[in-house]
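Here's the structure, in structure tokens; my notes come after.
Labels below follow one simple rule: chain letters A, B, ... track the order of the sequence lines, proteins then strands, and each chain is numbered from 1. Remember, it's a predicted structure, so these values are computed and weren't measured experimentally.
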Amino acid sequence: MLNETELIEECRKGNRTSQKVMYNHYCRKMMAVCMRYSKSSAEAEDILQEAFIKIFHGIKDFRQESKLETWMTRIMVNTALNAQRKKLYLYPMVDVEEINLPDEEMSISGMHYTQLLELIQSLPQGCQMVFNLFAIEGYSHKEVAEMLGITEGTSKSQFARAKSLLQAKLLKESSYYQRYGEAKV
Amino acid sequence: MERQKFEDEWKDAFSEAEVTPSDNLWTNIELDLMKAEGEKMKRRLVFYKLMAAASIAFAMCVAGIGVYFNNKNLSGNGNQLSGTATQTIHQPKAIDQKKAESLSLNVKANTASTYPADNSTRTSIDKKEDRGDELKSNSRMLKGTTSSKQSISMSEGVAKNKIGNDEMQSSIDLTVISKHTKDKNYIDERGQVVNAQFITNDNSRLALSKIPPLYTPRKLILTFPETQPDPVLVMIAKLEQREIELRGDKQRAKNKSKNKELNEKLWTTIGFSAGTFTSGNSNVYAASNAQNTPNNSFGRSASASTSNKVSNQSKSSGSYSLGLSVGTKLSKHWVLQGGVNYLAQNSIFAVNSVIETSDKDFRILSKPTDVNHTLSPNTMLDPNAERVVATSSYDVSNNSQFISLPVQAGYMAVNRKFGVQVNAGISTDLFLKNTIDAGSRSSLPKATQQGEDSFYRPVNFSGLFGTEFSYRMGSHYRISVIPGLRYPFNSIYKDQVQVVSTPLTLDVGMKFRYIFN
């Protein structure tokens, strides 16, 4: 069983077996990342495939300054963003009006991430990107703005919109569950 | 704070999120990886190909520039050709060595006039693909020499040489016209004045049109240095030759030394010997004296008086022989000799009796019956009977002659220039005659006996033994000294004589040998 360093070294040599081991170890997590940035599984798999090829080609330049998972996640995000830039070009993000957010923020505890994925995928494209980058990846609005080529204000407004939409949906589902007594999954 | 609890909840919710992709995703990834590797290799190959093409193009450019400048220099120097000129140009490396040896072309241009300035040479050189060396001459004056250079000189006539080379793509076609037409000018298809000494045929006209104006055909003379033999191989060959010579010398020396021993295969010898012989235990006269002494007092006294004077041994004896022989070599050390000798034995001894004949004469004992005469009463009473009469002692010379046929085998102990040979054999002695002569008593006639009337055995056999010391003179002659002895196996007298005599002859001989081979 190879450790991470040995695995990286073998992948640098182009060892197909080692590459497959690396894929099998990280593909599920990376798939979850790709799912957040896409609207469907097929789109996510495309992003995942392209990203892994980039990973195997670019692993020679990986200096192991960070964790391999972190590095791979960054590549996944960049690949997803590159894939979505066309759509963002077609549908540019603009500042949105301030939305009156509900006073109570709905908690998502007890909710499975598959449900949450569905909620994120239901967001508009721009909101989905900004929400993923700010809320889940942890970038600042300034960094998000630089990555997406928008202004910081646009990033904030898009995030607020994403947040209000998500909360509205969470509220709706919560009332639905209360009405019909369906157990939260 | 920008981030609120809401964002952190979402972040934590997806921290361990995993979604399983489809199974064929890895296959797609693998295919993409392989495709990328192939493209990388292809790109690398394309790069190398481009590099190779660029290198070749660069080399050709440099070569072309070099040829251009070289031709430019030659055209400046070669516009005037006077007398006989020979140009030697080494063939490029691309041509096979063997083919190149047969491609030597030495063109002697006997020109008396200069070329036109605009077209220095009219000889077009077209090289066509043709294996081997094809030399065609339309003129009787075309001479070709088959040497390492294989130079071809064209003094007259029209010659057409085609030199083939697989590596070189152009063709060489050299046409030279007889020098008798050198003064005539010729206008080619392009309207240029051409020295008629060099005309072009149809093929070269076309080639001329292809050749740019600045191009000056070059006369190619292929010369190759004569192959020098490898010095190491030469040395080895010399050493081998020397070894053979030494071996040959040794063999010759050996044969020579062998020949020294074996070169005397057949010879003939002439020789003579002289010696003495002992009469053995008695002689006939002593026996006769003893037997014929009267058995009376007178006889006994007479005998007694002379008995002291009777000697069984001769006073002196001598043996001489002269003969020819032939010898041959049987092996390295053994020889066989045979011949014929004349043997004479002479002895002087004292006798004290005579034979009184019926005529009252006296004679010497010379007959076998003389030995048996006794003074018997009957003999004494027969007045006609011969009888032995005692006398005072007198010397008698007894000379016997034989023909000896010796056959001897010899062992060559030393066979060099100086030789030592031990001979032994048997001689057949044929009695010839015996002469008895009482010299002091001239009144006594000589008595000669031979044949059946003699008391000597007509044929006798004797043993021979001798040692031959020889010295070789030249390649055909050898002189020898042979001390030897002879001893008859039987008495030399007949049995009826009842006297046994086997004289031992000791002699020393000299032989002169002529060697045939």
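- Counted within 6.0 Å of NZ on A:K20, heavy atoms from surrounding residues, nucleotides or ligands total 12 or fewer; the atom is thus considered open.
- With a 4.5 Å cut-off on non-hydrogen atoms, A:L119 touches chain B through its side chain but not through its backbone.
- B:S22 and A:Y23 make their closest contact through O-OH, 4.3 Å (heavy atoms, listed as atom of the first residue, atom of the second, distance).
- One finds the CG atom of B:N24 at 8.5 Å from the CD atom of A:Q49 (value rounded to the nearest 0.5 Å).
- Here CH2 of B:W26 is found 8.0 Å from CG of A:N24. Values are rounded to the nearest 0.5 Å.
- For chain B, the option among A:L116, A:N132, A:T114 with the highest count of heavy-atom pairs below 4.5 Å is A:L116.
- When each of A:V33, A:L117, A:L48 is checked for heavy-atom pairs under 4.5 Å with chain B, A:L117 comes out on top.
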> Could you go step by step and tell me if A:Q19 and B:E30 meet the side chain to side chain contact (heavy atoms under 4.5 Å, CB included) rule?
Replying inline: CA-CA 9 Å; A:Q19 288 174 343; B:E30 196 173 14; over 6 Å; no
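- Here the straight-line distance linking atom CZ of A:F56 with atom CG of B:L33 works out to 6.5 Å at 0.5 Å rounding.
- In this structure, the portion of A:R36 lying under 4.5 Å from any heavy atom of chain B is its side chain and not its backbone.
- When the candidates B:N28, B:D32, B:L25, B:D12 are compared by the number of heavy-atom contacts under 4.5 Å with chain A, B:L25 comes out ahead.
- Of the candidates A:M35, A:K29, A:M30, B:V19 forms a side chain to side chain contact (heavy atoms under 4.5 Å, CB included) with just one, namely A:M35.
- Using cut-offs of 30° and 60° on the angle between ring planes, the pair B:W10 and A:F131 is perpendicular.
- Using the six-membered ring where Trp is involved, A:Y113 and B:F14 have ring planes that are tilted, between 30° and 60° apart.
- For chain A, the nearby part of B:K40 is the side chain; its heavy atoms alone come within less than 4.5 Å.
- Using a 4.0 Å cut-off between charged nitrogen and carboxylate oxygen, A:E137 and B:K11 do not count as a salt-bridge pair.
- Between A:R28 and B:E16, no side-chain nitrogen of the basic residue sits less than 4.0 Å from a carboxylate oxygen of the acidic one, so the salt-bridge criterion is not met.
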> Stepwise, does the side chain to side chain contact (heavy atoms under 4.5 Å, CB included) test hold for B:E18 with A:M31?
Replying inline: CA-CA 7 Å; B:E18 289 185 358; A:M31 186 63 182; over 6 Å; no
